[in-house]
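Naming convention: chains lettered A, B, ... in sequence-line order (proteins, then strands); numbering from 1 in each chain.
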Number of protein chains: 2
Amino acid sequence: MAEKSRSAPLRLSTFLPFRLSVLSNAISQRIAELYDREFGLSIWQWRVMAVTADTPGISATEIGQRTQMDKVAVSRAVAGLIELGYLERRASTEDARRSSLVLTAAGRGIYEMIVPLALSEEAQLVSALSEREQAELARLMGKLAKAASPERDLW
Amino acid sequence: MAEKSRSAPLRLSTFLPFRLSVLSNAISQRIAELYDREFGLSIWQWRVMAVTADTPGISATEIGQRTQMDKVAVSRAVAGLIELGYLERRASTEDARRSSLVLTAAGRGIYEMIVPLALSEEAQLVSALSEREQAELARLMGKLAKAASPERDLW
DNA sequence: TTTGGATAGTTTCATATGTAACTAATATTG
DNA sequence: CAATATTAGTTACATATGAAACTATCCAAA
C-alpha cells in the first residue's frame, strides 16, 4: 500500500524562529512597560535617546542605522521626543538637509534615570546565566545574526 | 571639583533586549516573507496552521495558548484562513461557544508544502552553529525564558 | 429554576506601523 | 553652470494591531 507523503513534523515549540520571537517579545514587552509607565516613552524613543546620548549631534539617518529603525520610525520618535522636550534639533552648518540631534538637559536627566533601571532589568534577566553562559549566548547570537543577515551588520 | 553623576554606559549594541529584538526581527521577517510571497499567509496564519495541523479539532483559545497570540489575533488569523479555504470551523458538540478547528484538504496540502521550506530555512540558519552550539543555544534560551516569564511557560 | 457570574469568540474603535509619495537640499555630470 | 540624480527627512494613506465593549453560551450557587 502506498504511503501518504509525510513531512518531518514541525513542532512550533522547538522551531527556532518561533522561540526567538516569543522570547524576544516577552523581554521587550517587559522593558517597554517600564519605559512607558515611568517615563511615557516608547521603545523607539528610548532607542533614539540611547544613541543620541552616546553620540550627540547624530543625524536621523545615522540613528536609523544604529537602531535598525527605518527613517519614518526615526522621524516619528524624534518628533515625539522634541515634543516632550527631551531632544533638540539643531541646524547642520554643512548640510541643510541633515539635522543634528542632541538631548536637552531634561533629556539627559531622564536618560540618566533610565539607564540604571534598564541595566538592572537586563542584569536580573541574565542573572539566570553564569558569566560563561552569558558570553556564550552573546557569541552564538552573533553567529546567528551573521547567518541571518550576511549582507549588513545587525549590531 | 565635584564629579557629575554618571551612569554606567549603555551601549545599545551590547544590550541584550535590543540584540534579541533585532535578531529575532531579522529572522522573522525573512521567514514571514517566504510564507507571504509563496502562499499569501501572514506569520500568524502560519502559526495557527501549524498548531492546528498538530492538534486537529483545537479551539481558538488553545491556539492562543500554544502560539502566544491573543484571542483577537487568533480570531483574525482563523477568519483569514477560513476565507482562504485552508481551515474549517466545526461546531463543538459539548460546548456551543467553542469552535473546533481543522485544516481542510487544501490547508493540509499547503501545510505539507510549507513545512519542508520552513525547516530548511531554519536548518540553513542554524547551520552556522555546531550541533553542540545549537543545543546550548536552546538551553540558554530556555533559561532566559524562565527568567523573563516565570509565571507562565513561554513554550 | 433563576440569576449572577465566568468563558469563548467577535466586533469596534483608537493607535501604531509600513509603503509610497512628497519637499527640500546637495551632488554629479555633461 | 544648467540639468539630472541622489540624499535627508516628513507627510499621507492604507493596513495592522491591541484594548475594551459586546454577544452568546455555559457554570455555579441560592
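Nucleotide D:dT17 holds its C1' atom 14 Å from the CZ atom of B:R47, rounded to whole Å. One interatomic measurement links the two molecules: CE of A:M69 to C1' of D:dT10, which rounds to 14 Å at whole-angstrom precision. Remark: P of C:dA20 and CG of A:D70 are 12 Å apart, rounded to the nearest angstrom. Per the geometry, CG belonging to A:L101 stands 14 Å off C1' belonging to D:dT10, to the nearest Å. The interatomic distance linking A:L87 (CG) with D:dG9 (C1') rounds to 14 Å, in whole Å. When rounded to the nearest whole Å, the span between NZ of B:K71 and C1' of D:dT23 equals 11 Å. Across the protein-nucleic acid pair, A:Q68 atom CD and C:dT17 atom C1' stand 17 Å apart, rounded to whole Å. In this structure, the CG atom of B:D95 is 6 Å from the P atom of D:dC27, given to the nearest Å.
Residue-to-nucleotide contacts include a donor-acceptor pair under 3.5 Å from the side chain of A:R76 to the base of C:dG18.
Relative to the side chain of B:R98, the nucleotides C:dG9, D:dC26, C:dA20 differ in distance, and C:dG9 lies closest. Distances were taken from every side-chain heavy atom of A:A60 (C-beta onward) to each of C:dT10, D:dC26, D:dG9; the shortest belongs to D:dG9. Residue A:R97 places its side chain closer to C:dT26 than to any other of C:dT26, D:dT10, C:dG9.
Here the OG atom belonging to A:S24 is positioned 6.0 Å from the CG atom belonging to B:N25, to the nearest 0.5 angstrom. With values rounded to the nearest 0.5 angstrom, A:R76 atom CZ is found 14.0 Å from A:L81 atom CG.
Place A:T93 and A:A73 on DNA chain C by their nearest nucleotides, and A:A73 ends up nearer the 5' end. Summary of the strand contacts: B:A96 and A:Q29 both lie near DNA chain D, and taking for each the nucleotide with the nearest heavy atom, the more 5' one is attributed to A:Q29.
Proximity of B:W44 to the phosphate of D:dT17: a side-chain N or O atom is located under 4.0 Å from OP1 or OP2. Within the 4.0 Å cut-off from OP1 or OP2 of D:dT10, at least one side-chain nitrogen or oxygen of A:S75 is found. When the side-chain nitrogen and oxygen atoms of A:T61 are compared with OP1 and OP2 of D:dG9, one or more of them lie within a distance under 4.0 Å.
By the neighbour-count criterion of 12 heavy atoms within 6.0 Å, atom CZ of A:R139 is densely surrounded, having more than that number from other residues, nucleotides or ligands. The neighbour count for B:E38 CD, taken as heavy atoms of other residues, nucleotides or ligands under 6.0 Å away, is above 12.
If you check every strand for non-hydrogen atoms under 4.0 Å, A:S59 touches sugar and phosphate atoms only. Backbone-only engagement by A:S99 is indicated by non-hydrogen atom pairs under 4.0 Å involving sugar-phosphate atoms exclusively.
A donor-acceptor contact closer than 3.5 angstrom is absent between the side chains of A:Q65 and A:R152.
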